[in-house]
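All remarks here apply to the structure that follows.
One-based numbering, in listed order, for ligands and for the atoms of each. All residue numbers in this chain count up from 1 along the given sequence. Just so it is clear, the model here is predicted, and its values are computed rather than measured. Note that these values count all heavy atoms, side chains included, but never hydrogens, waters or copies made by symmetry.
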Amino acid sequence: MKKNLLNELKNECLGCKKCPLGETRINIVFSDGNPETAKAILIGEAPGENEDKTGTPFVGRAGKLLNEFLEKAGISRAQDLYIINTVKCRPPKNRVPTDEEKTACEDYLLKQIEIISPKVLIFCGATALKSFYDKKIQISKIRGEILELEIGGEKRKCIPIFHPSYLLRYHSLDEGSPRDLMLKDLKKIKKLMDA
Ligand code: SF4
C-alpha cells in the first residue's frame with residue numbers, strides 16, 4: 001500500500017523541473033530502504049556525485065560510514081529505515097541546497113513523511129535540522145535531543161544527529177568525540193524505534 005503511493009509520488013517526481021537542480025541532475029534520488037517496515041525516516045542534506053549517478057542516497061564514503069554506524073547500533077538500513085534528502089536532485093559541486101530549492105522540493109518530502117508516518121524522524125546533519133527547526137541552532141548544541149515537532153499534520157519525535165560526512169574528519173572513538181556521540185545517538189534512536 002505504502003509502496004504504491006510512493007511509486008505514484010516518485011513518478012511525479014521523475015520529470016520534475018520545479019527548481020534549477022532539475023536541469024543539471026543525472027538522476028532523481030528519491031529514497032532507499034523498505035517503506036513497509038521502516039520505523040524511522042532518516043533525512044540527509046542532498047545527493048552527492050555518487051548518489052546522482054546511482055539514484056540512491058548515501059552510497060558514497062559518507063554513506064559507507066553511516067552503514068558502519070547503523071550496524072554497530074543494531075539498526076538495519078534495509079528494514080528499519082527509509083532514507084531521503086531535503087532535495088531530490090544534486091546541487092552542482094555538492095553545495096548546500098538553497099532555501100528556494102528546498103521549498104520547491106518540500107512537497108515531495110512532506111508527502112513521503114505522511115505516507116510512511118514513522119515513529120521517529122532523524123535529521124541527519126545541519127541542513128535537515130534547519131529545514132524543520134530554528135535556522136540559527138548549531139547541530140552540535142542539539143544533537144541527540146528528542147524534539148517533538150508538528151510535521152505533516154502530526155506531532156512527531158525528531159532527533160538531530162551528525163551527518164556522516166562530518167565524521168569523516170574525526171577518527172577518534174574517545175568518550176565525547178563526534179564518532180562516540182554519533183553511536184550513542186543511534187543507540188538512543190534504536191531504543192525509540194523498538195519502544
Ligand atoms: S530538487 Fe526537487 S523540486 Fe528541484 S527539480 Fe529536483 S525534484 Fe524538482
> In terms of atom number and element, which parts of ligand 1 are under 4.0 angstrom from non-hydrogen atoms of Lys88?
Replying inline: 1 (S), 7 (S)

>> Salt bridge check, Lys102 against Glu106: does any charged N sit closer than 4.0 Å to a carboxylate O?
In response: no

>> Any N/O/S atom, side chain or main chain, of Cys19 closer to atom 8 (Fe) of ligand 1 than 2.8 Å?
In response: no

> With backbone taken as N, CA, C and O and side chain as the heavy atoms from C-beta onward, which portion of Arg25 lies under 4.0 Å from ligand 1: side chain, backbone, both, or neither?
Replying inline: side chain

>> Within this structure, what is the CG-NZ distance for the pair Asn27 and Lys88, rounded to the nearest 0.5 Å?
In response: 14.0 Å

>> Is there a side-chain hydrogen bond (donor to acceptor under 3.5 Å, both in side chains) between Ser177 and Tyr170? Walk through the geometry before answering.
In response: CA-CA 8 Å; Ser177 66; Tyr170 301 93; over 6 Å; no

>> Just verifying a value: how many Å separate Arg61 CZ and Leu66 CG, rounded to the nearest 0.5 Å?
In response: 14.0 Å

> In ligand 1, which numbered atoms sit nearer than 4.0 Å to a non-hydrogen atom of Ala104?
Replying inline: 3 (S)

> Taking everything shown except Lys64 itself, do over 12 heavy atoms lie less than 6.0 Å from its NZ?
Replying inline: no

>> Let's go through Lys2 and Gln112 carefully: what are the C-alpha distance in whole Å and the side-chain angles of both, what is the deciding distance for side-chain hydrogen bond (donor to acceptor under 3.5 Å, both in side chains) to 0.1 Å, and is it a yes or a no?
In response: CA-CA 9 Å; Lys2 287 180 187 175; Gln112 285 174 306; over 6 Å; no

> Of the protein's non-hydrogen atoms, which lies at the shortest distance from atom 8 (Fe) of ligand 1, and what is that distance?
Replying inline: Cys16 SG, 2.3 Å

>> Regarding Cys105, does it place an N, O or S atom less than 2.8 Å from atom 2 (Fe) of ligand 1?
In response: yes

> Among all protein non-hydrogen atoms, which one is nearest to atom 6 (Fe) of ligand 1, and what is the separation to 0.1 Å?
Replying inline: Cys89 SG, 2.3 Å

> Should you measure from each heavy atom of Gly22, which atoms of ligand 1 turn up under 4.0 Å away?
Replying inline: 5 (S)

